[in-house]
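Inspection log for the structure reproduced underneath, given as structure tokens.
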Amino acid sequence: MFSADDHQHMARALRLAAKGMYTTQPNPRVGAVIVRDGLVVGEGFHARAGEAHAEVHALRAAGSRAIGATAYVTLEPCAHQGRTPPCVDALIVAKLARVVVAIDDPFPRVAGAGIKRLREAGIRVDVGLMANEARALNIGFINRFGRGFGFVRLKLGISLDGRTALASGESKWITGDAARADVQHLRARSSAIVTGADTVIADDPHLSVRLSQAHTQPTKVILDRHLRTPASARLFDQHNGVLIYNHTSKTRPDLIARGADLIEVSPTDSAAQLKEVLIDLSHRGANEILIESGPTLAGAFLAAGLIDEIWLYLAPKFLGDSARPLAALNVESLAQAPQFNLIDVRAFGPDLRLIYSPSPAPSEPSAA
């Protein structure tokens with residue numbers, strides 16, 4: 001169904017889409033390439049919410065050369081009026097002959113409507129080229145509309161003996177400069193960074209992105225049952241919105257004055273509370289959610305089965321058996337232990353970055 005040239009042009013569209021990795025939130029990352037008679041006549045990518053979409057940039061570059069051409073788009077063109085006009089209208093007016101789409105758009109106001117309108121206009125539409133790569137690029141956006149909350153990553157920096165800090169709490173720095181620089185890129189692609197009140201009190205982190213290239217700052221999220229967060233915390237210094245989820249109806253004017261939004265969650269079991277937070281973040285447009293916390297919160301997310309990926313930065317040093325563990329979990333048997341598959345290993349200076357995804361639950365043996 002798809003030729004080698006089709007693959008080449010969609011691969012280019014995916015590379016263009018990735019240019020919006022740190023800037024498109026809460027929108028998806030999308031790239032587009034327009035080809036006529038074997039030549040690329042226009043290309044573009046979506047850079048920011050509220051600005052022109054990838055297809056519009058590509059059509060502007062192509063001009064009249066778009067007539068009879070083929071467009072390669074990494075996500076189904078939008079068919080609704082949002083902050084920008086529907087992209088399908090622009091593609092139809094441009095008189096394209098064919099549109100190749102990597103994946104359908106899960107957003108309810110699109111969800112097949114874009115493809116349908118293109119076909120109704122007489123444009124050939126082929127769907128599914130390099131779909132796995134396109135899904136990976138926008139896994140948070142897809143999850144947000146597919147299951148109700150975004151893609152959740154847990155970041156951990158640990159020693160060879162599986163410790164995250166000395167018994168005193170000292171943890172700066174377990175990993176080296178190169179690993180910590182990579183974490184900046186992980187933060188930059190995230191919509192929200194979640195931590196606990198204990199971490200804020202003990203470490204006073206900034207939880208901000210410090211990169212030279214363009215990026216947006218993720219929303220900072222604190223899980224703080226009893227509103228213990230100090231108003232002097234450094235994460236308020238870069239004012240980009242701080243959400244504090246808590247169990248109390250009391251207020252803290254000093255936190256509100258520092259830009260905090262206090263959100264009361266129901267005091268149910270831990271797993272339900274964490275899912276409630278993730279769903280609320282989804283309603284606020286969070287596609288990719290990064291957990292940077294101490295062992296208690298990390299263990300709670302793991303126990304609840306809410307982690308989609310673990311990014312583990314492994315430093316070549318030992319901290320000793322009195323040092324702090326990476327996750328507080330109550331595992332009574334090996335059969336109960338959360339299991340993960342290794343999907344990537346990369347060196348950053350003396351440290352290793354290991355990425356894991358959850359192993360599928362073992363299926364029950366069938367009855368004889």
Side-chain angles (χ1 to χ4, degrees), residues 6 8-127 129-131 133-135 137-138 140-142 144-145 213-216 285 287:
D6 288 336
Q8 176 186 340
H9 297 311
M10 185 61 79
R12 172 58 181 167
L14 286 164
R15 289 194 297 273
L16 287 167
K19 290 187 175 185
M21 181 69 71
Y22 306 145
T23 58
T24 63
Q25 301 287 346
N27 286 1
R29 301 145 183 152
V30 184
V33 173
I34 297 176
V35 178
R36 179 174 172 178
D37 298 327
L39 298 176
V40 175
V41 296
E43 60 181 31
F45 67 96
H46 181 49
R48 284 181 185 78
E51 295 184 4
H53 290 187
E55 300 93 323
V56 173
H57 286 298
L59 288 170
R60 286 172 180 168
S64 62
R65 294 173 296 176
I67 299 173
T70 295
Y72 297 85
V73 188
T74 60
L75 184 70
E76 177 184 1
C78 64
H80 68 290
Q81 175 70 50
R83 284 191 274 182
T84 58
C87 288
V88 290
D89 290 353
L91 292 168
I92 292 169
V93 169
K95 299 181 180 179
L96 288 159
R98 180 185 180 217
V99 176
V100 181
V101 177
I103 56 174
D104 296 340
D105 190 335
F107 184 57
R109 295 180 66 187
V110 183
I115 292 170
K116 180 182 178 184
R117 285 186 54 190
L118 290 171
R119 286 174 173 161
E120 288 175 345
I123 297 173
R124 174 184 168 185
V125 182
D126 297 318
V127 183
L129 178 58
M130 303 186 74
E133 294 86 345
R135 288 192 192 96
L137 191 62
N138 281 305
F141 183 80
I142 292 168
R144 182 156 67 94
F145 292 105
Q213 63 259 57
H215 61 80
T216 56
N287 294 327

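The distance from the CZ atom of R15 to the CG atom of L137 is 12.5 Å, given to the nearest 0.5 Å. To the nearest 0.5 Å, atoms CZ (R60) and CD (E43) are separated by 15.0 Å. Annotation: the span from L129 atom CG to M10 atom CE amounts to 4.5 Å, rounded to 0.5 Å. Separation of atoms CZ (R29) and CG (N138) is listed at 6.0 Å; rounding is to 0.5 Å. Residue M130 holds its CE atom at 11.0 Å from CD of Q8, rounded to the nearest 0.5 Å. Expressed to the nearest 0.5 Å, how far CZ of F141 lies from CD of Q25 amounts to 10.5 Å.
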>> One pair to check against side-chain contact (heavy atoms from CB on, under 4.5 Å): F45 and H57. What are the steps and the verdict?
In response: CA-CA 7 Å; F45 67 96; H57 286 298; over 6 Å; no

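Listed here is the closest heavy atom pair of P86 and A79: CB-C, 3.9 Å. For the pair P77 and C87, the tightest heavy-atom approach, listed with the atom from each and the gap, is CB-CB, 4.2 Å. In this structure, A131 and A102 approach most closely via the heavy-atom pair CB-O, 3.7 Å. Nearest heavy atoms, A134 versus L14: CA-CD2, 3.8 Å. Minimum heavy-atom separation, V101 to L75: CG1-C, 3.9 Å. Among all heavy-atom pairs drawn from G44 and A54, the shortest one is O-CB, 3.7 Å.
Judged by distance alone, the side chain of T24 and the main-chain N or O of R48 form no donor-acceptor pair under 3.5 Å. In this structure, the side chain of N287 engages the main chain of P26 through a donor-acceptor pair within 3.5 Å. Using a distance-only test at 3.5 Å, with no hydrogens or angles considered, no donor-acceptor pair links the side chain of E55 to the main chain of V73. The main-chain N or O of H215 is never found under 3.5 Å from a side-chain atom of T23 such that the two would form a donor-acceptor pair.
Put simply, the side chain of R117 reaches to within 4.5 Å of the side chain of D89, judged on heavy atoms. Side-chain contact check for C78 versus V88: every heavy-atom pair is 4.5 Å or farther apart. Using a 4.5 Å heavy-atom cutoff, the side chains of T70 and L96 are not in contact. In this structure, T74 and I103 have side chains that are not in contact, with every pair of non-hydrogen atoms separated by 4.5 Å or more. Residues D126 and R98 meet the side-chain proximity criterion, which asks for heavy atoms closer than 4.5 Å.
Using the six-membered ring where Trp is involved, H46 and H53 have ring planes that are perpendicular, over 60° apart on the 30 and 60° scheme.
Results of the side chain to side chain contact (heavy atoms under 4.5 Å, CB included) test with V35 over V40, V41, D6 single out V40 as the only residue that passes.
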